[in-house]
Chemist: 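This is the structure, below, for whatever I ask next.
Per chain, numbering begins at 1; letters A, B, ... match sequence-line order. The model shown is predicted, which means the values in this text are computed figures rather than measured ones.
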Amino acid sequence: MLQQTTVSVVKPYFHAFITRWPTLADLAQATLEDVLAAWAGLGYYARARNLHQCAQEVAFTGNGTFPTDTHALQRLPGIGAYTAAAMTAIAFGRRAVAVDGNIERVLARLFAVTDFLPAARSHIRILADALTPENRCGDFIQAVMDLGATLCTPRQPACMLCPLQRECVGFQQGLAATLPARAGQSPHPIHYGIAFFVLRKDGAVLLRRRPPKGLLGGMMEVPSTPWRDDFWTLEEAVAAAAPLSLEWHPLPGTVRHVFTHFRLDMRVVMGEAGSNPAARGIWSALDRMDEQALPSVMRKILVHAIRFGM
DNA sequence: AAGTCGTGGAT
DNA sequence: TATCCAAGACT
């Protein structure tokens, strides 16, 4: 959960997860649908699929015990170089070289590595290897990560409070706050779509499950047109993607959502269906949306539709 | 090996 | 409002 996600955001999800699936075997026996629903809102949903797959591999074909070897760990789904090293050091108490975003930043400043990321990573890894102790390696990793999270922060680092100030080359050169250097990001393209908010007579709303992989893979969605880089007219959208033959009423405003590499502007149209509409999908009551694997963007669309359509 | 993959908090 | 970025992994 903590991969690319802050502790404060993870906390409530983690506690809910651990309460619902206290053991590896519990998680392995859960359905992917339930795991995705519990993950909804956390983002990077491949992590949930990988975690579930990982639990099943360890529980069913690995006799219920994680391997303790770093390379074996890294072969499990969702466990990459960092996580395998962190598990080796923190869970199993053996030396391993772990470099996360915090450690990367601390080392880039400590040794004034001015090369741009990601090219500088191989150099930073050599520095990390040289510093990583044999004894209490897990504590070392967590100490450096905490230094990065509290004092050696991305912007306005608290160098005056830093216990490493005397040996920090970045600080001595006045570069600390500017490191590590990153290549400029290209601006995000904007994609457009129209979502179909279908309200059945009994108050249920039509949802669909997205394809198992890719963007929001396996999650539920409000039916919509494809997301493309041009506007849709209502006629175009209905012809291309309407889930039912209904009278569609455009709702005011736009739902804007920012993904990692593009921005989505969605308009919402509403249609009222009879008591037994022939649409493929899942009808879900509005007061039971918590049980659905709805990513934040879809929750936004529903909130918008309820606000302007009901 | 660069692109893909979410979301919310901080600034 | 715009930008950055977080206990990265996978393709």
Side-chain angles (χ1 to χ4, degrees), chain A residues 1-14 36 39-54 73-91 96-108 116-119 121-122 124-125 128 137-150 152-158 177-191 210-221 227 255-264 293-301:
Chain A
M1 282 182 176
L2 287 166
Q3 290 168 356
Q4 296 285 283
T5 307
T6 53
V7 170
S8 61
V9 173
V10 160
K11 244 183 189 173
Y13 286 88
F14 177 77
L36 288 174
W39 200 278
L42 250 191
Y44 284 141
Y45 298 101
R47 294 181 300 175
R49 288 180 259 130
N50 288 334
L51 178 66
H52 185 239
Q53 180 67 35
C54 179
L73 283 169
Q74 202 171 335
R75 272 181 233 119
L76 291 166
I79 299 180
Y82 163 75
T83 304
M87 290 176 74
T88 301
I90 298 170
V97 180
V99 182
D100 79 323
N102 290 298
I103 296 174
E104 190 172 73
R105 182 173 59 258
V106 170
L107 295 184
F116 287 77
L117 291 180
R121 292 218 163 99
S122 57
I124 291 175
R125 181 170 187 83
C137 173
D139 289 344
F140 168 78
I141 292 169
Q142 293 181 83
V144 180
M145 288 193 294
D146 283 344
L147 181 68
T150 55
C152 197
T153 52
R155 296 180 232 199
Q156 299 193 326
T178 72
L179 298 176
R182 297 174 186 275
Q185 314 253 358
S186 56
H188 289 179
I190 305 178
H191 293 174
R210 293 175 60 85
K213 290 184 178 178
L215 185 69
L216 308 178
M219 303 295 286
M220 303 300 292
E221 67 174 355
W227 305 345
V255 177
R256 174 175 294 181
H257 189 79
V258 178
F259 290 94
T260 308
H261 52 294
F262 67 92
R263 196 182 90 188
L264 181 65
L294 280 173
S296 291
V297 59
M298 297 302 159
R299 206 164 280 276
K300 271 192 201 177
I301 290 171

Chemist: Short question: side chain of R47(A), backbone of L42(A) - any donor-acceptor pair under 3.5 Å?
Modeler: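 Indeed, once roles are kept as given, a pair shorter than 3.5 Å links the two residues.
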Chemist: Between dG8(B) atom P and L2(A) atom CG, what is the distance in whole Å?
Modeler: 16 Å
Chemist: Measure the acute angle between the ring planes of F262(A) and W227(A), then classify it against the limits of 30° and 60° as parallel, tilted or perpendicular.
Modeler: tilted
Chemist: Let me spell it out: for each of R256(A) and R182(A), pick the nucleotide of DNA chain C with the closest heavy atom. Which residue's pick is nearer the 5' end?
Modeler: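 So the residue in question is R256(A).
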Chemist: Between H261(A) and dC5(B), is there a contact of a side-chain N or O with OP1 or OP2 at under 4.0 Å?
Modeler: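 Yes.
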Chemist: Going by salt bridge (Lys or Arg N to Asp or Glu O under 4.0 Å), name the residues that satisfy it together with R75(A), two or more places apart in sequence or in a different chain.
Modeler: none
Chemist: Classify G41(A) by what it touches in the nucleic acid, base, sugar-phosphate, or nothing, heavy-atom distance under 4.0 Å.
Modeler: sugar-phosphate
Chemist: Whole Å only: how far is the CG atom of L42(A) from the P atom of dC5(B)?
Modeler: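 Answer to the nearest Å: 18 Å.
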Chemist: Can you tell me how far CG of D146(A) sits from CD1 of I103(A), rounded to the nearest 0.5 angstrom?
Modeler: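 The CD1 atom of I103(A) sits 10.0 Å away from the CG atom of D146(A).
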Chemist: Using the side chain to side chain contact (heavy atoms under 4.5 Å, CB included) rule, take I124(A) and L117(A) through it: C-alpha gap first, then chi angles, then the decisive distance, then the call.
Modeler: CA-CA 10 Å; I124(A) 291 175; L117(A) 291 180; 4.2 Å; yes
Chemist: Taking any heavy-atom pair under 4.0 Å as a contact, classify I79(A): base, sugar-phosphate, or nothing.
Modeler: sugar-phosphate
Chemist: Nearest whole angstrom, please: distance from the P of dG6(B) to the CZ of R210(A).
Modeler: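 Going from R210(A) (CZ) to dG6(B) (P), I get 9 Å.
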Chemist: What is the distance, to the nearest angstrom, from the CH2 atom on W227(A) to the P atom on dT4(B)?
Modeler: 15 Å
Chemist: Which whole number of Å gives the distance between the C1' atom of dC4(C) and that of dG6(B)?
Modeler: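 Per the computed distance, 15 Å lies between those C1' atoms.
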Chemist: In chain order, what residues pass the salt bridge (Lys or Arg N to Asp or Glu O under 4.0 Å) check against R263(A), with sequence neighbours excluded?
Modeler: D265(A)
Chemist: What nucleotide among dG6(B), dT4(B), dG8(B) has an atom nearest to a side-chain atom of S296(A)?
Modeler: dG8(B)
Chemist: So A98(A), base contact, sugar-phosphate only, or nothing? Heavy-atom distance under 4.0 Å.
Modeler: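 Nothing, no nucleic acid heavy atom in range.
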Chemist: Would you measure the distance from the C1' atom in dA7(C) across to the matching atom in dA2(B) and give it in whole Å?
Modeler: 23 Å
Chemist: So what does P295(A) hit on the nucleic acid, given a heavy-atom distance under 4.0 Å: a base, only sugar-phosphate, or nothing?
Modeler: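 Sugar-phosphate contact only.
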Chemist: Looking only at atom types and distance, does a side-chain atom of T5(A) sit under 3.5 Å from a main-chain N or O of Q3(A), one as donor and one as acceptor?
Modeler: yes
Chemist: Quick one: how far along DNA chain C does chain A reach, first to last nucleotide 5' to 3', anything under 4.0 Å to a heavy atom?
Modeler: dT3(C) to dC10(C)
Chemist: Tell me the interatomic distance from R299(A), atom CZ, to dG8(B), atom P, rounded to whole angstroms.
Modeler: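 Whole-Å distance recorded here is 10 Å.
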Chemist: How many Å lie between NE2 on H191(A) and C1' on dG6(B), as a whole number?
Modeler: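 Atom NE2 in H191(A) sits about 15 Å away from atom C1' in dG6(B).
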Chemist: With a non-hydrogen cut-off below 4.0 angstrom, is R263(A) in contact with a base, only sugar-phosphate, or nothing?
Modeler: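 Here R263(A) touches no strand at all.
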Chemist: Strictly under 3.5 Å: I want the nitrogen or oxygen pairs between protein and nucleotides 9-11 of chain B, one per line.
Modeler:
none

Chemist: Answer yes or no: is there a donor N or O on one side and an acceptor on the other, between the side chain of R210(A) and the main chain of E221(A), under 3.5 Å?
Modeler: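 Not at all, since once roles are kept as given, no pair shorter than 3.5 Å links the two residues.
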Chemist: Base, sugar-phosphate or nothing for V258(A)? Non-hydrogen atoms, less than 4.0 Å.
Modeler: base
Chemist: Please give, in whole Å, the distance from dG3(B) C1' to Y44(A) OH?
Modeler: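 After rounding, the gap between these two atoms is 11 Å.
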Chemist: Under the salt bridge (Lys or Arg N to Asp or Glu O under 4.0 Å) test, which residues partner D139(A), sequence neighbours left out?
Modeler: R136(A)
Chemist: Remember a base hit wins even if backbone is also touched, and classify L216(A) as base, sugar-phosphate or nothing at under 4.0 Å, heavy atoms.
Modeler: sugar-phosphate
Chemist: Run the salt bridge (Lys or Arg N to Asp or Glu O under 4.0 Å) test against R125(A) and tell me which residues pass, sequence neighbours left out.
Modeler: none
